[in-house]
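Report on the structure given below.
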Amino acid sequence: MYLVQNHAQDTIGPEDAPNCAPNYYKIAKNYRRHLESCERLVPGLQPAGTGWVMLVELYIALHEKQRISVSGVSIMAGVPSTTGLRYLDALALKGAVVRLPDNNDRRRSWVRLTEAGKNTVEQMLAGLVTAINTATDA
């Protein structure tokens, strides 16, 4: 069973990510790497909220032209599928994500960011960049 399905020939790099001013795709990838390193410092302690981790993973998938299943994004966020589904339902109610049925497997559904979800992640990443720049300017 596929958790992530790549629709591009090769992995798309930051230079190929369209409409990513000032390259939020690269920032999202580095943010993911940072969260992974935080988790290695204290194994079992999730370094960021589940919903935000899901949004960042879906943002990266959007730019890498990948589809992610509900199970896949739950695994990426480090939570069981049932917990992930509750978070995705809450994000869907807020208009940030949409679930799409899999035409080949009725047990699986895909999840993707909406335009509003994409804008939300970019606002969060812009705030992160501002916070880092402000801290390093002082």
Side-chain angles (χ1 to χ4, degrees):
M1 178 182 285
Y2 291 103
L3 299 177
V4 177
Q5 190 174 54
N6 191 344
H7 287 283
Q9 292 291 78
D10 298 309
T11 301
I12 293 175
E15 67 280 358
D16 300 314
N19 304 321
C20 264
N23 209 337
Y24 290 124
Y25 167 81
K26 187 174 181 179
I27 294 166
K29 292 281 283 192
N30 287 332
Y31 178 67
R32 175 206 280 162
R33 214 171 287 121
H34 170 68
L35 292 178
E36 289 168 353
S37 69
C38 288
E39 192 169 349
R40 284 191 298 274
L41 289 173
V42 184
L45 181 63
Q46 191 174 14
T50 300
W52 283 109
V53 172
M54 289 178 153
L55 289 172
V56 168
E57 291 298 341
L58 291 167
Y59 183 84
I60 292 168
L62 175 73
H63 289 285
E64 291 180 348
K65 297 186 182 351
Q66 294 181 339
R67 293 194 306 177
I68 300 180
S69 68
V70 169
S71 298
V73 76
S74 298
I75 290 168
M76 291 172 174
V79 297
S81 291
T82 53
T83 302
L85 192 53
R86 282 196 303 275
Y87 276 96
L88 291 171
D89 284 344
L91 290 169
L93 284 173
K94 294 184 183 302
V97 302
V98 63
R99 287 180 29 211
L100 306 164
D102 184 326
N103 295 330
N104 299 320
D105 185 345
R106 291 177 27 190
R107 297 169 296 171
R108 177 176 51 200
S109 61
W110 301 105
V111 61
R112 70 169 175 80
L113 282 180
T114 62
E115 190 64 26
K118 177 180 170 278
N119 292 338
T120 297
V121 174
E122 289 180 351
Q123 288 173 7
M124 181 275 292
L125 294 170
L128 177 64
V129 168
T130 300
I132 291 169
N133 287 341
T134 301
T136 57
D137 289 344

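- A 4.5 Å side-chain heavy-atom check between M76 and I68 finds at least one atom pair inside the cut-off.
- Between R99 and D89, at least one side-chain N (NZ, or NE/NH1/NH2) sits under 4.0 Å from a carboxylate O, which counts as a salt bridge.
- Counting heavy atoms from C-beta outward, L100 and R112 have side chains that approach closer than 4.5 Å.
- The side-chain contact (heavy atoms from CB on, under 4.5 Å) test with L85 singles out one residue from V70, V73, V111, and that residue is V70.
- Here the OH-CG distance, from Y24 to N119, works out to 10.5 Å after rounding to the nearest 0.5 Å.
- How far CD of E122 is from CG of L55: 12.0 Å, rounded to the nearest 0.5 Å.
- Considering OG of S71 and CZ of R107, their distance stands at 10.5 Å, rounded to 0.5 Å.
- Note: L58 CG to W110 CH2 = 12.0 Å, rounded to the nearest 0.5 Å.
- From D102, atom CG reaches atom CZ of R67 across 6.0 Å, with rounding to the nearest 0.5 Å.
- Within the 4.5 Å cutoff, the side chain of K29 has heavy atoms near those of the E64 side chain.
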T120 vs K94, side-chain contact (heavy atoms from CB on, under 4.5 Å): CA-CA, chis, key distance, verdict: CA-CA 11 Å; T120 297; K94 294 184 183 302; over 6 Å; no

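- For V53 against A77, the heavy-atom pair with the smallest separation is CG1-CA, 3.7 Å.
- Within the 4.5 Å cutoff, side-chain heavy atoms of M54 are placed close to those of S74.
- Y59 has its side chain within reach of L113: a pair of non-hydrogen atoms, C-beta onward, lies under 4.5 Å apart.
- Of all heavy-atom pairs between I27 and V129, the closest is CD1-CG2, 3.4 Å.
- Closest approach of L125 to A28, counting heavy atoms only: CD1-CB, 4.0 Å.
- For T83 (side chain) and V79 (main-chain N/O), no donor-acceptor pair under 3.5 Å exists by modelled atom type.
- A donor-acceptor pair under 3.5 Å links the side-chain atoms of T114 to the main chain of A96, judged by distance alone.
- Connection of L62 to V98 is not established within any shared hydrophobic cluster, with ILVMFWY side chains joined at heavy-atom distances below 4.5 Å, either directly or through further cluster members.
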